[in-house]
Amino acid sequence: MELISSILGLFKDRGAWFASLLLSHIALAFSAIILAGIIGLALGIVISEKQRFAPVIMGVCNVLYTIPSISLLGILIPFTGIGNKTAVIAMTIYGVMPMVRNTYAGLTGVDPDILEAAKGMGSTESQMLFRIKLPLAAGVILAGIRNMVVMIIAVTGIASFVGAGGLGVAIYRGITIYNPAMTAAGSILIALLAIISDFLLGKLEKYFRKRGS
Amino acid sequence: MNSVVFSHVTKTYGDKTILNDISLEINQGEFVTMIGRSGCGKTTLLKLVNGLVTPDSGSILVNGKDLKETDKVQLRRTIGYSIQNVGLFPHMTIEANIAYVPSISSMPGWDKTERKEKAAALLTAVGLERDLLDRYPHSLSGGQKQRVGIARALAASPSILLMDEPFGAVDEITREQLQDQILKIHEERKITILFVTHDIAEALKLGTKTLVLNDGRIEQYDTPDRILDSPQTPFVRELIEKSRNFSVRV
Ligand SMILES: Nc1ncnc2c1ncn2[C@@H]1O[C@H](COP(=O)(O)OP(=O)(O)OP(=O)(O)O)[C@@H](O)[C@H]1O
Ligand SMILES: [Mg+2]
């Protein structure tokens, strides 16, 4: 109970500080989400069209995904220094995996009868992709986006270990000055951000899945 | 003029010969029904016509042009194709499904406003109501889907129509209605139709010619009354034994 009241006290006293951390958290996460989204989607499309590249690309993504986030940040420091840049790169690397996996699964999972009808009626390769496969894979791809977004929002929480901004700053400061309420306050905001994003993307996903059935 | 010509076409999958030295001429405006056991190569033969399958040897002419020298994408847009399992696009309305080929080929006369009327006219031609236009395929019955599949195949006014068991999922009465509708479409549009069926009665009722396939070879390719009157092989004789009492197109 004491913790809760001191968390609420912190929000009241240092509301502006938390708000600015929240905003920079969103900005950081958003950059990584956009980058991972574009790169992951592109890679997913490439490996579903040219299937012989699939094992290599999926393999690399899987390996990168298993590196613990804290050590990935550490590995990157000698190359990209400390700060937001390193954090965004690390989170992008994490975010790519679920995007590639779901894009690939979505595109290769389209009913072969539908593809045959589309091809037999004279669709070009790009018409097949943009008019048939991508719209039909949209639900599965959105599930990947949702997965990625939640993960990136969470991982951004440790970005402050390499000197980046965001709510991780509050978590880290709370640890160093031994103020558990501050750490908890930062974590709660991260969790809320993740839950709200997940909820909104879930609605979108449902819409696309319904349409694609 | 010949619409489709096969000369010595052979198609194998692995070490299995599916079609063996097929030679065949189909005249413009002919309604060819194709019949044979499951797995005898009927779908494969249809797909050879629109280039979805390439022959191992032999040549195929469509509207006088060798398929080897034809742009397949352009070719397919001029050949209506209704596949065995219908294959409607689930994310598109019935209207968008029907307008698919005109849309991918930016066909003139299919602007937003005209599109609705043209799609509605095609629905009427296959015996459906225009209020289906804004619905999605999942809300249609099996028979309705098959009709939409036919309407979609007709949309770009093709000169050739390939139909792979288009009346599979319907009851007898609906089937008869569909048969009459396709006969009417054939008479009105004077297009060449290749129509696969498992039902010998249907084959003989609809075809101006019937092609009997067995073991990768043509058993007989003849008018329905000649197939009935003078079956050329034991296979054909057996096939028609059961259908003596059905009506024949003359
Ligand atoms: N892509 C493929 N690879 C290997 N074998 C194939 C392929 N497509 C078809 N076959 C085989 O070729 C044979 C003929 O197939 P096809 O689909 O033409 O038969 P069908 O006469 O249409 O049969 P049905 O009446 O059951 O539809 C079958 O034995 C099938 O397994
Ligand atoms: Mg078949």
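These numbers come from a predicted model, not from an experiment. Heavy atoms only: backbone and side chains are in, while hydrogens, waters and symmetry mates are out.
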Legend entry - Residues which pass side-chain contact (heavy atoms from CB on, under 4.5 Å) with B:Lys145, listed by chain and number, not counting sequence neighbours: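 For B:Lys145 the side-chain contact (heavy atoms from CB on, under 4.5 Å) partners, ignoring immediate neighbours, are B:Val86, B:Leu88, B:Leu140.
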Legend entry - Any donor-acceptor pair under 3.5 Å from B:His91 side chain to A:Arg131 backbone: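 Answer holds: yes.
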Name the region of [X], side chain, backbone, both or neither, that has any atom closer than 4.5 Å to a heavy atom of chain A.
X	result
B:Ile104	both
B:Ser103	both
B:Lys47	side chain

Atom [atom1] of [X]: over 12 foreign heavy atoms under 6.0 Å:
X	atom1	value
B:Glu129	CD	no
A:Phe11	CZ	yes
B:Lys184	NZ	no

Proximal to chain B - members of [range], heavy-atom separation under 4.5 Å:
range	result
residues 92-105 of chain A	none
residues 38-56 of chain A	none
residues 110-124 of chain A	A:Asp113, A:Ile114, A:Glu116, A:Ala117, A:Ala118, A:Lys119, A:Gly120, A:Met121, A:Gly122, A:Ser123, A:Thr124

